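All values derive from a computational prediction rather than experimental measurement. Proteins get letters first, then strands, A, B, ... in listed order; numbering begins at 1 in each.
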Amino acid sequence: ELKVEQNPLFLSMQEGKNYTIYCNYSTTSDRLYWYRQDPGKSLESLFVLLSNGAVKQEGRLMASLDTKARLSTLHITAAVHDLSATYFCAVDMKTSGSRLTFGEGTQLTVNP
Amino acid sequence: DTGVSQDPRHKITKRGQNVTFRCDPISEHNRLYWYRQTLGQGPEFLTYFQNEAQLEKSRLLSDRFSAERPKGSFSTLEIQRTEQGDSAMYLCASSLGLGLAGGNEQFFGPGTRLTVL
C-alpha cells in the first residue's frame with residue numbers, strides 16, 4: 001500500500017524567512033503533485049513533477065523530485081503572509097488509474 | 001468559468017436519509033474522480049471513471065455509496081442511509097488522463113460539505 005508522509009505537519013514562520021517542506025512516499029512512482037488548500041476551500045494545483053530531478057518554480061515556491069530517494073521538497077523563499085495555507089503532496093499509482101494518494105498536509109502559517 | 005463544479009456546496013441531513021451530489025467536470029476531461037476529506041486530513045480516494053466506465057472503487061466505498069457517470073459527462077455520488085461518520089467534504093476532480101508517460105494533473109471542484117446530524 002502506498003503511503004505518503006509529509007513533515008512538518010505544522011509550520012509557523014516569520015515573513016521573510018526560508019523553509020522546506022518534505023514529502024516522502026513508500027513505493028515507486030515517478031509522478032508527484034503539490035496542491036494548496038485555503039481554509040474551507042478546494043485544492044489548487046501548484047506543481048506537477050514527472051521525472052527524477054524535476055524542479056519547478058513559481059514565485060516564492062520551488063518544488064523538486066528525487067525518485068530514487070522517493071522524496072519531494074517544497075521550498076519557500078522569503079515567505080509572505082499570503083502563503084499561509086495547507087500544502088499537500090500527492091503521488092499517483094501507475095497501476096491504479098492514477099488516483100492520487102495524499103499526504104496529511106502541512107499547515108503553514110506565516111506571521112508578520 | 002470552465003472549471004469543475006459541484007452541487008450542492010453544503011448539505012445538512014439527518015442520519016438515515018439519502019443524499020446525492022453532482023459533479024460537472026471540465027468539458028474535455030475524460031477522467032473523473034471522487035475523494036473524501038475529513039478535517040485535518042488529506043483527501044482520500046473513493047472512485048474514478050474513465051468516460052462512463054467506473055474503473056476502480058476504494059475499500060472506503062461501502063455498499064451504501066454508489067456513483068454514476070451516465071454519459072461520460074457529469075457524475076453523481078449517492079449515499080444511502082447516511083451515518084454520522086459520513087460527515088466530510090466530498091471532492092470531485094477531473095483530468096485528461098494523458099497516460100503513464102504524461103502527467104495526470106487533477107483539477108478539483110469546490111467540494112460538497114456534508115453534515116449528518
query: Which heavy atom in B:Glu105 sits nearest to a heavy atom in A:Ser45, and how many Å separate them?
result: OE2-OG, 2.5 Å

query: For B:Glu78, does the CD atom sit with more than 12 other heavy atoms under 6.0 Å from it, leaving out its own atoms?
result: yes

- request: Select one option (side chain, backbone, both, neither) describing which atoms of B:Gln37 are under 4.5 Å from chain A's heavy atoms.
  value: side chain

- request: Step through the shown structure and confirm whether more than 12 heavy atoms of other residues, nucleotides or ligands are within 6.0 Å of CD on A:Gln14.
  value: no

task: Would you mind reporting whether A:Phe102 and B:Tyr35 have side-chain heavy atoms less than 4.5 Å apart?
output: yes

- request: Might you confirm whether atom CG of B:Leu39 has over 12 heavy atoms from other residues, nucleotides or ligands at distances under 6.0 Å?
  value: no

- prompt: Is there a side-chain contact between B:Leu91 and A:Ser42 (heavy atoms, below 4.5 Å)?
  reply: yes

message: For B:Arg64, is the CZ atom crowded, meaning more than 12 foreign heavy atoms sit under 6.0 Å from it?
response: yes

message: With a sphere of 6.0 Å drawn around CG of B:Leu55, does it hold more than 12 non-hydrogen atoms of other residues, nucleotides or ligands?
response: yes

task: Evaluate the side-chain proximity of A:Leu43 to B:Phe107: yes if any heavy-atom separation is below 4.5 Å, no if none is.
output: no

message: Just so I know, are the side chains of A:Leu100 and B:Tyr33 near enough to count as touching, which here means a heavy-atom distance under 4.5 Å?
response: no

task: Answer yes or no: are there more than 12 heavy-atom neighbours, outside A:Met62 itself, under 6.0 Å from its atom CE?
output: no

message: With heavy-atom distances below 4.5 Å as the criterion, would you say the side chains of B:Phe108 and A:Lys41 are in contact?
response: no

message: Quick check on the hydrophobic clustering: are B:Leu77 and B:Met89 connected, directly or via other members, by side-chain heavy-atom contacts under 4.5 Å?
response: no

- request: Evaluate the criterion side chain to side chain contact (heavy atoms under 4.5 Å, CB included) for residue pair B:Trp34 and A:Arg99; output intermediate values, then yes/no.
  value: CA-CA 10 Å; B:Trp34 285 99; A:Arg99 61 179 167 100; over 6 Å; no

field: Toward chain B, the part of A:Gln107 with a non-hydrogen atom under 4.5 Å
entry: neither

- prompt: Yes or no on side chain to side chain contact (heavy atoms under 4.5 Å, CB included) for A:Tyr33 and B:Gln106, after CA distance, side-chain angles and deciding distance?
  reply: CA-CA 9 Å; A:Tyr33 308 82; B:Gln106 295 182 25; over 6 Å; no

